[in-house]
Amino acid sequence: MSKSDSSKKKIQAIRGMNDLLPDRSALWQYFEGKVQALTQRYGYAEIRTPIVEQTALFARSIGEVTDIVEKEMYTFEDRNGDSLTLRPEGTASCVRAAMEHGLLHNQTQRLWYQGPMFRHERPQKGRYRQFHQVGVEAFGLEGPDIDAEVILLSARLWRELGLSDHVTLELNSLGSSEARAAYRDKLVAYFEQHRDQLDEDSLRRLTSNPLRILDSKNPDMAPMLADAPKLMDHLDDASREHFEGLTALLQAAGIDYVINPRLVRGLDYYGRTVFEWTTTALGSQGTVCAGGRYDGLVEQLGGKPTPAVGFAMGIERLVLLLETLELVPDAALGELDLYVLPMDDVATTQAMLLAERIRSELPELRLQLHCGGGSFKSRIKKADRSGARLALLLGEDELDAGRATLKFLREEREQMSLDQGALIDTLASMTTSDERA
RNA sequence: GUGGAUGUAGCUCAGUGGUAGAGCCCCGGAUUGUGGCUCCGGUGGUCGUGGGUUCGAUCCCCAUCAUCCACCCCA
């Protein structure tokens, strides 16, 4: 080995950007499958947008002074000198695409998306620089019924995943932008009066995002925060009515919720309804799904005034939660049904042809064909380690007789010698009855 | 961006100022076409990376990278 060889540095993944390895991919597919089926059942159509957009899109939608825009975006110049950004969230792109293609012209839209998002944050469990979200957005509907619908959609997902007992719905209303601005002034005035009790972070937020001070985890500030003016007490009448409409619908639908007057979203475009689904099972990254109403965003991006509501959920966090709580059914993990095993090299061709025939006749069956030769002993060991429930053995005796041997790898049961003609029916009966059980 | 902890085989981890071990995994064997249990043998590590101290460092010091936890932020 020369020195130049040893000086080669191993290339590794970018910090905070993870590979999804084969032992976990079935879990993601399970989750994604549930989402796909669910959105379809609610009449939401998928939209796919590029992961790169003009930087201005995010600056104008998320808000110039938010942490996301100020210090967390992956922004770079392309070869033309244009400023581009890897999307830090999905709503802005979704709105841009919907407007650009006339999807919001005199019509309502129910859309969903899924994909990677990018934020340059310090990685932590449940928080990564490339992370994945599923988002749901509804446009052109202003009543609280659509707010309730998207919440019901998310609640059904938790039910189907077995998560209902592990997540809590928190609700709040931010009111109209005018009411919020007036409230913000009152709040700042209150904090100014108690400036001595504010910690360093809160002093910084006093000018950037004073509403977020309410959400502080510092116990020393709790008494002072408890006496602060309440957003709920400063709502405009229309927003109050909207919020009451929403809570009435949720009650009618049997959805439990907690009103959290300190709940504030980090993105500027939210107004009126905001909500979060949280869990205590994930440590400090407990928000698993969050969203709300953003009636002003379309107009802000140059479109006609269009009411809108939506949410995004973090796939890493939800998958982590499913793993932590051991809520993934074995059937979702994609184990093999059948391992087709030529007992020696002479049987290779016949085994391959038989495997192909089975795949044609039984498309649902998960079948792996032994490749790579080896002694019979090592072959059958591999059949065992493959995890398959059944093995189909083909050797000299079987080939001569036009038969195959079906062996049960996971149960105390005599192996069967089957005529190759009857094989398909036997396999079919065995795998379907097993799945129903 | 701030504070703290950690980094030895694919995985989980021992260990010592004189260049390393266990268990699991993987491969082979224990009579001919039957795996799982047991037994035997074997592959595999520049001790995260780069400097420094030292006769000599995996061990001490510094830096760096990565992971984890909390803050910040947020899904």
Side-chain angles (χ1 to χ4, degrees), chain A residues 1 3 5-18 21 23 62 66-72 88-91 114-136 154 199-202 204-205 208-209 212 215-218 264-267 276-279 282-291 310-321 339 341-344 346-347 370 372 374-388 390-391 393-399 405-412 414-415:
Chain A
M1 279 292 159
K3 280 190 177 175
D5 284 333
S6 64
S7 70
K8 279 182 190 166
K9 286 187 178 156
K10 280 180 202 156
I11 296 178
Q12 49 185 355
I14 304 300
R15 177 170 206 199
M17 304 201 181
N18 300 314
L21 299 179
D23 61 335
I62 297 170
T66 57
D67 276 18
I68 293 178
V69 171
E70 278 186 338
K71 45 193 186 190
E72 294 179 358
E89 59 107 35
T91 300
Q114 169 183 37
M117 308 293 164
F118 303 84
R119 292 183 200 168
H120 191 103
E121 300 181 277
R122 184 91 166 252
Q124 205 173 312
K125 199 171 209 88
R127 193 178 81 182
Y128 308 101
R129 290 184 173 178
Q130 176 177 328
F131 61 104
H132 298 77
Q133 288 187 331
V134 169
V136 166
S154 59
D199 60 21
E200 197 183 329
D201 284 326
S202 298
R204 180 173 50 76
R205 285 182 289 210
S208 61
N209 195 347
R212 281 213 76 89
D215 219 9
S216 172
K217 290 176 187 169
N218 186 341
V264 171
R265 311 267 56 253
L267 289 67
E276 275 188 16
W277 289 95
T278 60
T279 178
L282 287 182
S284 66
Q285 308 302 322
T287 301
V288 119
C289 173
F311 65 75
M313 48 199 176
I315 302 182
E316 280 84 356
R317 290 182 187 181
L318 283 162
V319 167
L320 200 57
L321 191 55
Y339 194 89
L341 178 49
M343 294 168 87
D344 53 42
V346 177
H370 176 86
S375 67
F376 175 67
K377 192 178 183 98
S378 76
R379 290 177 193 225
I380 197 151
K381 258 188 183 172
K382 280 183 175 132
D384 181 42
R385 310 242 160 118
S386 76
L390 304 169
L393 313 191
L394 273 185
E396 199 183 343
D397 298 349
E398 286 80 0
L399 292 182
T405 299
L406 185 65
K407 184 176 169 64
F408 298 87
L409 295 170
R410 312 292 156 207
E411 44 204 304
E412 290 295 329
E414 195 84 357
Q415 66 186 30

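Note on naming: letters A, B, ... go to the chains in the order of the sequence lines (proteins, then strands), and numbering restarts at 1 for each one. Source: prediction; values computed, not measured.
- Separation of the P atoms belonging to B/rG52 and B/rA14 is 30 Å when rounded to the nearest angstrom.
- Across the protein-nucleic acid pair, A/Arg119 atom CZ and B/rC73 atom P stand 13 Å apart, rounded to whole Å.
- Across B/rG17 and B/rA57, the matching P atoms stand 15 Å from one another, rounded to whole Å.
- Checked by atom type, the side-chain pair A/Gln415/A/Thr405 shows no donor-acceptor distance below 3.5 Å.
- The partner of B/rC37 is absent, by the rule that a Watson-Crick or G-U pair needs both atom distances under 3.5 Å.
- Among the nucleotides B/rU67, B/rC73, B/rU34, the one closest to any side-chain atom of A/Gln415 is B/rU34.
- Across the protein-nucleic acid pair, A/Arg129 atom CZ and B/rC73 atom C1' stand 13 Å apart, rounded to whole Å.
- Separating the OH atom of A/Tyr128 from the C1' atom of B/rA75 is a distance of 12 Å, rounded to the nearest angstrom.
- Counting only heavy atoms from C-beta on, A/Leu409 has its side chain closest to B/rG35 among B/rA66, B/rC74, B/rG35.
- Comparing the C1' positions of B/rU54 and B/rU67 gives an interatomic distance of 31 Å, to the nearest angstrom.
- A close approach under 4.0 Å does occur between a side-chain nitrogen or oxygen of A/Arg205 and OP1 or OP2 of B/rC73.
- Distance from the side chain of A/Lys125 is smallest to B/rC69 among B/rC72, B/rU34, B/rC69.
- Across the P atoms, B/rU19 and B/rU12 are found 27 Å apart, a figure rounded to whole Å.
- Remark: B/rU43 base-pairs with no nucleotide in the shown strands. Criterion, Watson-Crick or G-U wobble with two distances under 3.5 Å.
- Of the listed nucleotides (B/rA66, B/rG35, B/rC71), B/rA66 has the atom at the smallest distance from the side chain of A/Arg15.
- Using the Watson-Crick or G-U wobble rule with both distances under 3.5 Å, B/rG1 pairs with B/rC71.
- Among the heavy atoms of the strands, none lies under 4.0 Å from A/Gly90.
- B/rA57 is unpaired under the criterion used here, namely a Watson-Crick or G-U wobble arrangement in which both key atom distances are under 3.5 Å.
- Heavy-atom nearest nucleotides on RNA chain B were determined for A/Pro123 and for A/Phe131, and the one closer to the 5' end corresponds to A/Pro123.
- With both ends at atom P, the span from B/rG10 to B/rU43 equals 15 Å, rounded to whole Å.
- Distances shown here put every side-chain N or O of A/Gln124 at or beyond 4.0 Å from the OP1 or OP2 atom of B/rC68.
- For A/Lys377, the listed nucleotide lying nearest its side chain is B/rA30; candidates were B/rA70, B/rU34, B/rA30.
- For B/rA70, one of the phosphate oxygens OP1 or OP2 lies less than 4.0 angstrom from a side-chain nitrogen or oxygen of A/Ser284.
- Comparing A/Gly291 and A/Lys381 by the nucleotide of RNA chain B whose heavy atom lies nearest to each, the residue mapping closer to the 5' end is A/Lys381.
- Using Watson-Crick or G-U wobble geometry with both donor-acceptor distances under 3.5 Å, B/rG7 finds its partner in B/rC65.
- No more than 12 heavy atoms of other residues, nucleotides or ligands shown are found within 6.0 angstrom of CD on A/Glu200.
- To the nearest whole angstrom, the two C1' atoms, one in B/rG56 and one in B/rG18, are 6 Å apart.
- Computed from coordinates, the A/Glu121 CD to B/rU2 C1' distance equals 14 Å when rounded to whole Å.
- At the heavy-atom level, A/Asp397 lies under 4.0 Å from base atoms of the strands shown.
- Contact annotation for A/Ser378: backbone-only contact, meaning every heavy-atom pair under 4.0 Å involves sugar-phosphate atoms and none involves a base.
- Side chain of A/Glu396, nearest nucleotide from B/rG35, B/rA75, B/rG33: B/rG33.
- In this structure, the nucleotide among B/rG33, B/rC73, B/rC71 sitting nearest to the side chain of A/Asp67 is B/rC73.
- The gap from the P atom of B/rG28 to that of B/rG48 amounts to 32 Å, rounded to the nearest Å.
- Taking atom CG of residue A/Leu320 and atom C1' of nucleotide B/rC68, one finds them 13 Å apart after rounding to whole Å.
- Distance from the side chain of A/Lys407 is smallest for B/rG35 among the nucleotides B/rC73, B/rG35, B/rG33.
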Using the 3.5 Å cut-off, write out each protein N or O paired with an N or O of nucleotides 23-26 of chain B and the distance between them.
unit_1, atom_1, unit_2, atom_2, d
B/rC26, OP1, A/Arg385, NH1, 3.4
B/rC26, OP2, A/Arg385, NH1, 3.1

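- The partner of B/rU19 is absent, by the rule that a Watson-Crick or G-U pair needs both atom distances under 3.5 Å.
- No side-chain donor-acceptor contact under 3.5 Å links A/Arg119 to the backbone of A/Gln130.
- Side chain of A/Ser375, nearest nucleotide from B/rA75, B/rG29, B/rU34: B/rG29.
- Applying the 3.5 Å distance criterion, the base of B/rG33 shares a donor-acceptor pair with the side chain of A/Glu398.
- B/rC65 and B/rU49 have their P atoms separated by 15 Å, with the value rounded to a whole Å.
- Regarding A/Tyr339, its OH atom lies at a distance of 17 Å from the P atom of B/rU34, rounded to whole Å.
- Within the nucleic acid shown, A/Gly126 comes within 4.0 Å of at least one base atom, counting heavy atoms only.
- Of the nucleotides present, none pairs with B/rU32 by Watson-Crick or G-U wobble criteria with both distances under 3.5 Å.
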Can you name the atoms? Protein N/O to nucleotides 4-11 of chain B N/O, anything below 3.5 Å, with the distance.
none

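- Residue contacts for A/Ile315: at a heavy-atom cut-off of 4.0 Å it reaches no nucleic acid atom on any strand shown.
- Residue A/Arg212 places no side-chain atom within donor-acceptor reach of the base of B/rC73, judged by atom type and a 3.5 Å distance cut-off alone.
- Of all the heavy atoms in A/Ser284 and A/Gln124, the pair that sits closest is OG-NE2, 3.0 Å.
- Residue A/Ala383 is classed as having no contact, given no heavy-atom separation below 4.0 Å to the nucleic acid.
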